[in-house]
Amino acid sequence: MTLIDTHVHLDQEEFSSDQQEVLERAAVAGISHLIAVGIGATSSEACLQLAGRHPQISAAVGIQPNYCAEAVAGDWERIVALASEPHVVAIGETGLDRHWDFSPFAMQQDFFDRHLHLAAETGLPFIVHTRQSDADVLEMLREARRRGPLRGVMHSFTGTESTAAECVELGLYISFAGMATFKKSDDLRAVAQEVPADRILIETDSPYLAPHPHRSRRNEPAYLVHTAECLAITRGVSFEDFCELTTRNAKQLFKV
Ligand SMILES: [Zn+2]
């Protein structure tokens, strides 16, 4: 039994004191591979360094929508340069976020567009973050689809069944995080039940939003098993089959 955690923020300070122990617990829990996802140029470099030190880690490079306003001259060029490094397997995270008022929306759209173009140019998949912006994200994805086939993932998905269905139609994968295990998340589990078997992924999005029964604690990759157990039940398949399925999908998308 192995699992791939397709979205972790291991470079963040929450892990600065015990990163090695966190990775050891992940290995014990059966997490065979992790994608360390950058939120800015410096964070993306840190993710790449982690990937260089640990064979079980790959990196994604990008500027997360809430951090666009913090990006300084040259940061985007750093992302573009990082994108051709060997351990980089994805562009992101990118996307749109209306919940936090950290970056002007037009600026977020500009950066999202740049990431989508960079993904197309490099042939790498992209990782989409969306919060209260599903309609705007879909509009930009449709536009990108008109330019060519899309390869990417809607990360930590919390949207509706129709949004998920359109994303699948556009060529994307749908990834579920710890929120899917919360007691009140029946609607989200109903969405997870409908995602085609060859398009579902799971992630922790560590250190955020730990799954039940670790809710409100710092999240870490080892907790991915709880999300896998929950969604296996939701979909009426065995835990082993669900692990095998999502691992196969992650390998398919990220080529890890
Ligand atoms: Zn993230």
Side-chain angles (χ1 to χ4, degrees), residues 3-16 19 22 26 31 33-51 57-71 75 79 82-83 88-100 102-103 108 111-112 114-116 118-119 124-134 137 152-159 167 172-182 188 200-211 214-215 217-224 227 246 250 253-254 256:
L3 282 165
I4 294 180
D5 191 346
T6 61
H7 197 112
V8 294
H9 296 287
L10 270 182
D11 61 304
Q12 295 193 10
E13 61 176 14
E14 283 88 342
F15 295 113
S16 57
Q19 202 182 63
V22 165
I31 315 301
H33 207 90
L34 308 97
I35 316 277
V37 181
I39 56 168
T42 301
S43 159
S44 296
E45 278 161 9
C47 290
L48 186 59
Q49 279 165 14
L50 274 167
I57 298 179
S58 298
V61 297
I63 302 176
Q64 207 264 8
N66 295 317
Y67 296 88
C68 293
E70 280 177 31
D75 277 6
I79 298 294
L82 288 170
V88 173
V89 298
I91 302 299
E93 62 183 283
T94 180
L96 300 172
D97 191 322
R98 284 191 198 275
H99 178 76
W100 303 106
F102 294 157
S103 305
Q108 295 184 34
F111 274 87
F112 186 22
R114 294 187 206 190
H115 285 83
L116 290 170
L118 182 59
L124 292 171
F126 53 85
I127 299 173
V128 180
H129 163 107
T130 170
R131 196 152 179 205
Q132 292 168 21
S133 308
D134 287 8
V137 163
V153 56
M154 300 297 286
H155 115 82
S156 193
F157 191 80
T158 55
C167 289
L172 304 194
Y173 289 69
I174 310 290
S175 180
F176 295 92
M179 243 193 288
T181 69
F182 296 173
L188 189 55
I200 190 167
L201 293 175
I202 50 172
E203 63 176 272
T204 58
D205 201 11
S206 302
Y208 310 109
L209 290 168
H214 300 290
R215 194 172 175 178
R217 254 180 263 171
R218 178 192 71 174
N219 197 2
E220 63 173 74
Y223 298 166
L224 187 62
T227 304
T246 53
L253 179 62
F254 296 111
V256 290

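Here, residue 1 is the first one in the sequence, and each next residue gets the next number. Counting starts at 1 for both ligands and their atoms, following the listed order. Just so you know, these numbers come straight off a predicted model, no measurement behind them.
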Among N, O or S atoms, E93 approaches the Zn ion (ligand 1) most closely through OE2
Metal-centred angle, NE2 of H9 through the Zn ion (ligand 1) to NE2 of H7, rounded to 10 degrees:
100°
Is there a donor in the side chain of E203 and an acceptor in the side chain of S175, or the other way round, less than 3.5 Å apart?
yes
Check: L201 main-chain N/O paired with T246 side-chain donor or acceptor under 3.5 Å
no
Examine F126 together with H115 and report whether their ring centres are nearer than 6.0 Å.
no
Ignoring hydrogens and geometry beyond distance, is a side-chain donor-acceptor pair present between H129 and D97 at under 3.5 Å?
yes
Tell me, please, if H155 has any N/O/S atom, main chain or side chain, under 2.8 Å from the Zn ion (ligand 1)?
no
